[in-house]
> 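Below is one structure. I have some questions about it.
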Amino acid sequence: MERMVHYGGFHTMVTDSKDYDFQEIERRWQSFWERNRTFAAGKDPSRPKFYVLDMFPYPSGSGLHIGHPEGYTATDIIARHRRARGFDVLHPIGWDAFGLPAEQHAVKTGTHPAANTQNNIANFRRQIKALGFSYDWDREIDTTDPRYFRWTQWIFLQLFRRGLAYVDERPVWWCPELRTVLANEEVIDGKSDVGGFPVERRNLRQWVLRITAYADRLLSGLEGLDWPDSTKRMQAAWIGRSEGAEITFGLEKPGPGGLRVFTTRPDTLFGCTYMVLAPEHGLVEALTTPEMRVAVGDYRRRAASKSDLERTDLAKDKTGVFTGSFAVNPVNGARLPIWVADYVLMGYGTGAIMAVPAHDERDFEFAARYSLPVVPVIEPADHSSNGQAPKLPYTGDGNLVHSDGYTGLDWREGGRRITTDLAAKGSARHSVNFKLRDWLFSRQRYWGEPIPIVWVSEGDYRRAAPRLAGALPEEPVSFEQDGVVRFALPLCESALPLELPPVQSYLPSGTGESALANVPGWVDIWFDFTTGMAVPATEPPPAGDTWIRARRETNTMPQWAGSCWYYLRFTDPRNSRQFASPEALARWGGPDLYVGGAEHAVLHLLYARFWHKVLFDIGAVPTDEPFRRLFHQGIILGEDGEKMAKSGGNAVSPDAIIESHGTDSLRLFLMFLGPLEAMKPWNPRGIEGPHRFLQKVWRDCIGDDGGANPKIAGGAQDSAELQKLLHETIRKVGDDIEALRFNTAISQMMIFENALHKEARVSRATALAFIQLLAPFAPHICEELWSRLGAPGLASEAPWPRFDPARISAAEVRLVFQVNGKHRGDRLVPAGLTQEQAVALATADPRVAAFAGNRTIVKVVYVPGRILNLVVS
RNA sequence: GCCCGGGUGGCGGAACGGUAGACGCUUCGGACUUAAAAUCCGAUUUCCGCAAGGAAGUGCCGGUUCGAAUCCGGCCCCGGGCACCA
């Protein structure tokens, strides 16, 4: 029942079914490709390289839904097309496997999250393999594998060494009822996701990465990237660069010195009528007069208990309280009351502002509420104001008024002059601020990469420092707790990976630390700072002066960490001495194409760019941007047009469709649904179209005996029309794949198949060329047809058909006749027709004559081969 | 509020400023069949017409052009992002 096919020394069975038995065909070819490592990258270094990457998935317990294979199919088509065009293609897959759901499952069941994670990975792997993607499975990686996260920890140590990692008290969500810290995604509307208990902000010691040090480069680097404009704009807005001045105001009250503010509008300085400090500002205490102490204290307490949500979304009305103190405007000596208000944020600029209510919406609103003066100092330069004062607040362009020597200047020039003049007196400087904040990098979780740091006393730190010179930051990282200052010491590289110890319970400790804090033998240790070796502190200290008392860091890394650099690991996934060899990095670089959801437009893509730039700075990678070309696939909605959700009952699993129609049909349908980037509803009946298309292709290629259809003959001469159509199809399919326009490529192939179907005889070469075009989309059936038509080797390895422009140039073209721009007929005409000949043919046409016959032609527009438009009076 | 993206048949969607609705789904009719399924052939924007054909038509209003779904201006609606960042 099976025939043997010879191929490169291997043998494979091909099914002998006369019908299109997609289940058998898909199973067989998947196993053939796997056994022969058909898609292993790096087999031929003489070929140009192409690296195409999917955003790797989090292996959730619910398995793959139909949205996953959308992007994966797109990259697979690209990968297969590039191989056919002679590229050495790297197309890998792996698992972003640390994550909250696995930990929550572990908390509930008491089983190790790794066990659950491995089950989920096995299920994802099975589902993905059933889709026939041409991944290089030898390069599969898993971020929870110690052989992988060893290098995640290593990169963290590079950041630490360069002073890009530090600790700080930062607020986290704390749920008193659950006695645990919650992640942002576990907090919904101020309540815990589990149980619905109220949560509050609590300050805890956190690791923070100094991404702001790269703000300028992260912004400027966007320029050269081939990314969706919307994504670049979102990143730019997130980084939020703004230029202005930092101005120091004098204070009436002696002692605290000056009050520094940041403004983008130094030109409005004469319009400043009051000052505002954020409630957390360091000078509030010193500037509050005794009479105002109670009111200010109350206000600060209330502000502190508000969540971010309450301070922004819910607080439409601005509130504040006067401190009792005054500042002095450096430009005119005006006396300015200093207020405290939570519409000023401590985290931006200096945490204090000069308020110019005439030219700022927020200050205007506040001034109106508290009856503070409003002084306009900018007037529109053009005639639009017409002598009338503009409506306040006026935030547009204009010229300065009521500004002493600066009056009459354009606002830009005025701002520049004021800044320079004040700078000369030492009370201002040009300044740039970013919205981007440093990256809160620690999580009070068990299921994450342990941070490879121990905490030691100052004395021990000083003793260890000389021996660890290159591994320490210039400024030691330290924090104070209960009056004791502790210093951060890194594990040495040879001690990596630092693995997760077994624990009794995966619940956080109850004090806000992770479950790791409950493992005394792991946390409290004697530590050899030269080797990273450790023994529990309950045991006697080993001999030698390199052994010191230490407490391990109990925070773990966030899920973003592993995905910040995985694209680099794919180039050299089994390397145990480096995260990737320089040779592998030189060969593959970063992905030439990166495809994934737009939901990662900011965070993942920004964090990865940050790490990449740091690695570039230490000479570890050859480029300073990781992803040159980026594409977002759109979301596939449920049948009902709603977002697919497990709970909504509208989620579609690929398994059932593969069972009923085959993965080739599914792949085609996913790509046929609409533009890759568009949001599209799933239509369960629509799969029939692509499925019928494949059935037709099968029947036109395979005859009743299961061999080649007799209509396909080696020596057959194709009709000129079929040849023309074939070459149009070769060109369109190739162009469309390059541009990721798969839906129109499939349409074109359907058009070709419809033509093929009508032909009585077709040359074998044409049939094979068509199969080759279809192969990236529907690889299993094409591999089978390729083999049954007796073509050599594999469809997956055959070169892409050559486009011959000569074949599509026709002697006759269809010329459309228009009268006054309206379609009034058409006919086949010789290709090189002159305008005079065209007009003669057109006026002879009865329909054209009916509209133009007895009227004067005032103009002729002739586009050869397309239209002839007669403009008549 | 601000910044993007998008509105085309019953549905998903095609259309370098040049025949609007390719391709597919759905539906209807026909062929094959004892019958059904599958398959094959044909029709499927609306209105008028027996037909040939004509008219209207790409969210709404206006403009540019020989010619606009496409370009420009003003609105309406839907989706996404940001949101006191001084």
Side-chain angles (χ1 to χ4, degrees), chain A residues 19 228-234 236-238 240-242 244 261-265 268 276 278 311-313 315-316 318 341-356 359-363 365-366 395 433-437 598-599 601-602 634-635 637 641 643 668-669 672-675 677-693 695-696 699 741 743-754 757-758 814-826 846-847 850-851 857-863 865-872:
Chain A
D19 299 325
D229 279 340
S230 58
T231 299
K232 289 206 250 184
R233 267 193 293 266
M234 275 166 72
W238 191 263
R241 183 182 197 276
S242 51
V261 304
F262 173 72
T263 179
T264 53
R265 296 293 302 272
T268 64
V276 186
R311 271 181 73 161
T312 57
D313 283 26
K316 293 276 186 267
K318 294 184 175 33
D342 68 2
Y343 81 90
V344 172
L345 308 175
M346 193 57 223
Y348 184 76
T350 63
I353 61 157
M354 60 178 226
V356 184
H359 306 292
D360 182 282
E361 312 243 358
R362 298 149 301 180
D363 296 343
E365 198 189 314
F366 190 82
T395 54
N433 258 285
F434 294 91
K435 277 200 247 184
L436 185 68
R437 308 294 159 83
E599 66 272 21
V602 177
I635 300 172
L637 303 170
K643 212 163 179 171
L668 269 177
F669 182 45
F672 188 61
L673 228 37
E677 67 276 18
M679 190 184 273
K680 309 164 280 269
W682 177 256
N683 173 2
R685 282 190 306 267
I687 184 93
E688 297 300 342
H691 189 63
R692 279 177 204 146
F693 164 66
Q695 294 274 16
K696 277 168 83 172
R699 282 193 303 269
R741 288 190 305 250
N743 55 331
T744 49
I746 294 167
S747 294
Q748 182 66 31
M749 289 190 286
M750 286 174 166
I751 292 168
F752 184 82
E753 164 53 32
N754 289 341
H757 184 70
K758 290 190 171 74
R814 186 161 294 277
L815 185 67
V816 169
F817 300 143
Q818 294 184 340
V819 178
N820 286 345
K822 281 197 200 289
H823 177 225
R824 297 298 179 193
D826 55 59
R847 279 176 69 199
F851 288 90
I857 296 171
V858 293
K859 185 170 179 179
V860 175
V861 180
Y862 180 50
V863 183
R866 285 206 160 266
I867 62 135
L868 174 74
N869 188 15
L870 303 178
V871 184
V872 299

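Each chain gets a letter, A, B and so on, in the order the sequences are listed, and its residues count up from 1.
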> Look at the side chain of A:Lys680 and the backbone N and O of A:Pro675, then say whether any donor-acceptor pair between them is shorter than 3.5 Å.
yes
> Do A:Glu688 and B:rG24 share a donor-acceptor pair, side chain to base, under 3.5 Å?
no
> If you check every side-chain atom of A:Ser230, which of B:rC4, B:rC66, B:rC23 has the closest atom?
B:rC4
> A:Phe851 CZ to B:rA55 C1': how many Å, rounded?
10 Å
> Tell me whether the OP1 or OP2 atom of B:rC66 has a side-chain N or O from A:Arg866 closer than 4.0 Å.
no
> Distance between the C1' atoms of B:rA20 and B:rG67, in whole angstroms?
14 Å
> In whole angstrom, what separates A:Arg233's CZ from B:rC2's C1'?
13 Å
> Has A:Lys859 got a side-chain N or O lying under 4.0 Å from the OP1 or OP2 atom of B:rC66?
yes
> With rounding to the closest Å, how many angstrom separate the P atoms on B:rA86 and B:rG79?
29 Å
> Pick the P atom in B:rG18 and in B:rC25, then give their distance to the nearest Å.
28 Å
> Looking only at atom P, what distance separates B:rU19 and B:rU58, rounded to whole Å?
16 Å
> So does A:Asn683 get a backbone contact from the side chain of A:Arg685, meaning a donor-acceptor N/O pair under 3.5 Å?
no
> Please classify the nucleic acid contact of A:His757 as base, sugar-phosphate, or nothing, using heavy-atom distances under 4.0 Å.
sugar-phosphate
> What's the closest nucleotide to the side chain of A:Ile353 if the choices are B:rC84, B:rA22, B:rA86?
B:rA86
> Taking only the side-chain heavy atoms of A:Asp360 (C-beta and beyond), determine which of B:rU19, B:rG79, B:rA86 contains the nearest atom.
B:rA86
> Kindly confirm or rule out a cation-pi arrangement of A:Arg824 over A:Phe851, judged by NZ or CZ under 6.0 Å from the six-membered ring centre and within 45° of its axis?
yes
> If you only use heavy atoms from C-beta on, which nucleotide in B:rA14, B:rC84, B:rG12 is closest to the side chain of A:Phe672?
B:rG12
> Are OP1 or OP2 of B:rG24 and a side-chain N or O of A:Ser747 less than 4.0 angstrom apart?
no
> A:Asp826 and side-chain contact (heavy atoms from CB on, under 4.5 Å): which single residue from A:Leu815, A:Leu868, A:Val816 fits?
A:Val816
> A:Pro681 has a side chain; which of B:rA86, B:rC23, B:rG13 sits nearest to it?
B:rG13
> Please give, in whole Å, the distance from B:rA86 P to A:Phe366 CZ?
19 Å
> Measure CZ/A:Arg265 against P/B:rA86 and give the value in whole Å, please.
12 Å
> Compare side-chain N and O positions of A:Asn754 against OP1 and OP2 of B:rG24 and report whether any pair is under 4.0 Å apart.
yes
> Base, sugar-phosphate or nothing for A:Met749? Non-hydrogen atoms, less than 4.0 Å.
nothing
> With rounding to the closest Å, how many angstrom separate the P atoms on B:rA69 and B:rG7?
14 Å
> How close do A:His359 and A:Thr395 get, counting heavy atoms only, and between which atoms?
O-CG2, 3.5 Å
> Could you tell me the separation between the CD atom of A:Gln818 and the C1' atom of B:rA20, rounded to a whole number of Å?
13 Å
> Any chance the rings of A:Trp682 and A:Phe669 have centres within less than 6.0 Å?
yes
> Considering only atom C1', compute the distance from B:rC78 to B:rG59 and round it to an integer number of Å.
11 Å
> Under 4.0 angstrom, heavy atoms only, what part of the nucleic acid is A:Arg824 near: base, sugar-phosphate, or nothing?
sugar-phosphate
> Taking the side chain as everything from C-beta on, heavy atoms only, tell me whether A:His691 gets closer than 4.5 Å to A:Gln695.
yes
> Taking the P atom in each of B:rU45 and B:rG24, what is the distance between them to the nearest angstrom?
15 Å
> Could you work out which one of B:rG79, B:rG54, B:rU26 sits closest to the side chain of A:Arg847?
B:rG54
> Give the dot-bracket string for RNA chain B, reading 5' to 3', where a pair is Watson-Crick or G-U wobble with both distances under 3.5 Å, ( ) marks pairs inside the strand, [ ] marks pairs crossing earlier ones, | marks a partner on another strand, and . marks unpaired.
(((((((..(((.....[....))).(((((.......))))).((((....))))..(((((..]....))))))))))))....
> Just compare B:rC4, B:rA86, B:rG18 and give me whichever is closest to any side-chain atom of A:Asn869.
B:rG18
> Under 4.0 Å, heavy atoms only, any strand: does A:Ile867 hit a base, just the sugar-phosphate, or nothing?
base
> If I pick the C1' atom on B:rG81 and the same atom on B:rC75, what distance separates them, to the nearest angstrom?
23 Å
> Could you check how far CD1 of A:Ile746 sits from P of B:rC23, rounded to whole Å?
15 Å
> Do any side-chain nitrogens or oxygens of A:Arg692 fall under 4.0 Å of OP1 or OP2 in B:rC25?
yes
> Does A:Asn433 place a side-chain N or O at less than 4.0 Å from the phosphate oxygens OP1/OP2 of B:rA86?
no
> Taking the side chain of A:His823 as its heavy atoms from C-beta onward, which of B:rU19, B:rG81, B:rC84 lies nearest to it?
B:rU19
> If I take atom CE in residue A:Met346 and atom P in nucleotide B:rC84, what distance separates them, rounded to the nearest angstrom?
17 Å
> Does a side-chain heavy-atom distance below 4.5 Å link A:Asp229 with A:Arg233?
yes
> Using only heavy-atom distances, determine whether the side chains of A:Asp363 and A:Tyr343 contain a donor-acceptor pair under 3.5 Å.
yes
> So, A:Asn869 versus A:Lys859: side-chain donor-acceptor pair below 3.5 Å or not?
no
> Choose from B:rG24, B:rU19, B:rC40 the nucleotide whose nearest atom is closest to any side-chain atom of A:Arg699.
B:rC40
> Round to the nearest Å and state the distance from A:Trp238 atom CH2 to B:rC2 atom P.
21 Å
